[in-house]
Amino acid sequence: MISVEEARRRVLERIVALDAERVGAIDSLGRVLAADIVSDIDVAPFDNSAMDGYAVRVADVAGASEDTPVRLRVVEHVAAGAFPEVPIGAGEATRIMTGAPVPEGAEAVIMVEHTAEEGDGAVAVIMTSARDGENIRRKAEDVRSGETVLTAGEIVGSAAVGLMAAVGCAEPLVHRRPRVAIVATGDELVAIDEYPGPGKIRNSNSYTLAAQVIDAGGEPFILEVARDTVVHTRAILSQAPDYDLMVSTGGVSMGDYDVVRDVLEEIGDMDFWKVAMRPGAPQTHGTIGGTPFFGLPGNPTSTMVGFELFVRPVVLKMQGHTALDRPHHPVVLGHDVKKKADRRYFLRAVTERMPDGTYVASLAGAQSSAMLTSMHRANCLLVLPEGETFFPAGSMAACIRLDRKEGSE
Ligand code: AMP
Ligand code: MG
């Protein structure tokens with residue numbers, strides 16, 4: 001049996017980011033950039049007005065106020081998208097809209113709120129003075145042509161998508177999403193839309209795993225359920241090389257029909273199969289034809305916790321992510337918790353922030369690894385170390401936040 005850290009280290013050390021692909025700018029949201037994005041233009045591309053109003057020369061409006069307005073001759077109207085043709089000279093102004101290029105000779109824009117019109121718009125009455133450059137947005141004030149605006153390794157957020165559009169990057173290069181094969185094993189399994197006959201249960205693991213894969217940014221492929229025979233399990237697990245990753249559930253314990261480990265040893269290479277943890281010690285890992293393979297235990301919560309601890313970071317690393325740990329923080333136990341000394345426990349718990357900033361955690365319900373409802377209620381996994389057996393109410397423990405993403409607080 002190896003420790004959780006050792007297992008994670010061994011799993012992750014051979015994972016590298018997958019190759020890159022081009023996707024539409026919007027589809028790149030949440031993905032990791034595989035190349036820098038460089039601007040092909042200045043943003044703003046030209047000096048332009050930050051306000052609706054009048055472009056003026058500073059000297060012409062010096063001393064202007066409501067009591068001593070200045071009258072300027074309007075030489076042109078410029079809307080956003082148009083381009084000014086008439087330079088402004090002494091005593092002149094251009095009616096200008098937000099985003100429109102400022103005409104030659106203009107040094108400031110007076111907000112329309114501080115102006116009035118005379119002579120059907122032929123004359124602008126200016127009732128305030130202006131500083132040089134006031135209400136003018138300068139060419140290249142945000143981005144210079146040739147500047148790197150987004151860097152390889154960055155996770156694309158909404159503003160980054162907008163920047164791509166601003167600099168003309170329609171198809172950024174991002175790391176591929178891993179294609180993850182999901183294999184449930186077990187002769188007892190029936191499909192979601194079947195009513196289980198005697199001795200049968202519905203296959204829930206393929207569904208939780210597919211959801212967990214999607215949540216981690218991967219693309220799930222639910223394969224045919226493997227029957228509990230070496231021949232059929234071999235046929236299904238042999239498909240691993242068609243995917244970036246394969247995850248199976250069940251068939252890794254000591255039962256008479258637990259054949260996953262035998263098949264893995266036969267057609268692939270096994271790295272380890274037991275981790276000192278509960279739920280779910282038989283966390284099998286290896287490769288099949290070079291594809292990383294995880295044989296997670298069959299009990300629904302053992303499957304989910306195994307995915308969370310070992311597979312999720314792999315799916316993230318394959319996409320180029322470098323933050324691979326969910327946020328964790330100390331909690332005060334809300335009640336006594338007992339455990340066996342042998343292993344590290346990951347208990348389904350609900351933690352809540354107290355007014356003084358500390359967190360209190362209570363178990364989210366019964367902890368049988370066959371029970372999914374307490375996993376559903378939980379917002380964290382309470383981590384209780386190996387070697388200890390009793391944690392009285394009020395003692396401290398660590399928790400892994402299942403409701404928060406890697407790289408967040
Ligand atoms: P195993 O390790 O194959 O004996 O599975 C352990 C327990 O998990 C058994 O009670 C199985 O019935 C159950 N189990 C295995 N696979 C699934 C599945 N895909 N969905 C729900 N429960 C499962
Ligand atoms: Mg089984």
Side-chain angles (χ1 to χ4, degrees), residues 1 7 180-215 218 220-237 239-240 243 245-268 270 272-286 288 293-312 343 345-348 365-378:
M1 268 216 286
V180 184
I182 295 172
V183 179
T185 72
D187 290 344
E188 73 277 33
L189 301 180
V190 303
I192 190 169
D193 53 358
E194 283 177 62
Y195 191 85
K200 308 289 185 190
I201 58 167
R202 289 197 180 102
N203 169 14
S204 62
N205 288 348
S206 294
Y207 286 80
T208 45
L209 282 177
Q212 285 180 296
V213 166
I214 292 169
D215 191 50
F221 295 83
I222 297 179
L223 307 191
E224 187 188 341
V225 171
R227 291 191 297 277
D228 287 324
T229 65
V230 168
V231 172
H232 195 240
T233 301
R234 186 199 293 130
I236 306 292
L237 298 197
Q239 297 171 37
Y243 301 90
L245 186 61
M246 179 179 268
V247 183
S248 74
T249 74
V252 285
S253 313
M254 302 300 284
D256 294 345
Y257 302 96
D258 290 339
V259 298
V260 168
R261 207 150 29 97
D262 296 338
V263 170
L264 173 61
E265 286 183 310
E266 182 196 330
I267 64 170
M270 194 173 73
F272 57 81
W273 79 277
K274 258 192 142 173
V275 179
M277 59 182 277
R278 196 186 291 264
Q283 302 279 348
T284 309
H285 176 60
I288 297 175
F293 172 83
F294 289 88
L296 302 180
N299 276 310
T301 293
S302 308
T303 305
M304 287 195 78
V305 171
F307 184 96
E308 180 60 39
L309 295 180
F310 306 114
V311 189
R312 182 176 166 94
R343 298 173 191 173
Y345 278 37
F346 295 89
L347 299 177
R348 289 146 264 171
Q367 299 287 322
S368 154
S369 58
M371 291 167 60
L372 258 187
T373 51
S374 47
M375 191 68 187
H376 168 244
R377 273 192 295 273

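What you see below is based on every heavy atom in this structure, not just the backbone, and it leaves out hydrogens, waters and symmetry mates. Order of appearance sets the numbers: ligands from 1, and atoms from 1 within every ligand.
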Would you mind reporting whether [Y] and [X] have side-chain heavy atoms less than 4.5 Å apart?
X: Phe307; Y: Leu209; value: yes
X: Asp228; Y: Glu188; value: yes
X: Asn299; Y: Pro279; value: no
X: His285; Y: Val275; value: no
X: Arg278; Y: Gln367; value: no
X: Val311; Y: Gln212; value: no
X: Lys200; Y: Leu189; value: no

Closest to [atom] among [options] (heavy-atom distance):
atom: atom 19 (N) of ligand 1; options: Thr185, Val259, Thr208, Asn203; answer: Asn203
atom: atom 7 (C) of ligand 1; options: Asn299, Leu209, Leu296; answer: Asn299
atom: atom 4 (O) of ligand 1; options: Val260, Asp258, Thr249, Asp256; answer: Asp258

Is Tyr257 atom OH crowded by more than 12 heavy atoms from other residues, nucleotides or ligands, each under 6.0 Å away? no
[atom]: which protein heavy atom is closest, and how many Å away?
atom: atom 20 (N) of ligand 1; answer: Ser204 N, 3.1 Å
atom: atom 12 (O) of ligand 1; answer: Glu188 OE2, 2.6 Å
atom: atom 18 (C) of ligand 1; answer: Asn205 ND2, 3.2 Å
atom: atom 5 (O) of ligand 1; answer: Gly298 CA, 3.7 Å

For Arg202, which part has a heavy atom under 4.0 Å from ligand 1: side chain, backbone, both, or neither? backbone
Report the part of Ala184 in contact with ligand 1, treating N, CA, C, O as backbone and CB onward as side chain, heavy atoms under 4.0 Å; options are side chain, backbone, both, neither. side chain
Do Phe310 and Phe294 have ring centres separated by under 6.0 Å? no
Gly186: heavy atom below 4.0 Å from ligand 1, yes or no? no
Among the heavy atoms of Pro297, does any lie under 4.0 Å from an atom of ligand 1? no
Going by the atom numbers of ligand 1, which of them fall below 4.0 Å from some non-hydrogen atom of [X]?
X: Ser253; result: 2 (O)
X: Ile201; result: 12 (O), 21 (C), 22 (N), 23 (C)
X: Gly251; result: 1 (P), 2 (O), 3 (O)
X: Gly250; result: 2 (O), 3 (O)

Thr233 pairs by side-chain contact (heavy atoms from CB on, under 4.5 Å) with which of Ile267, Val260, Leu264? Val260
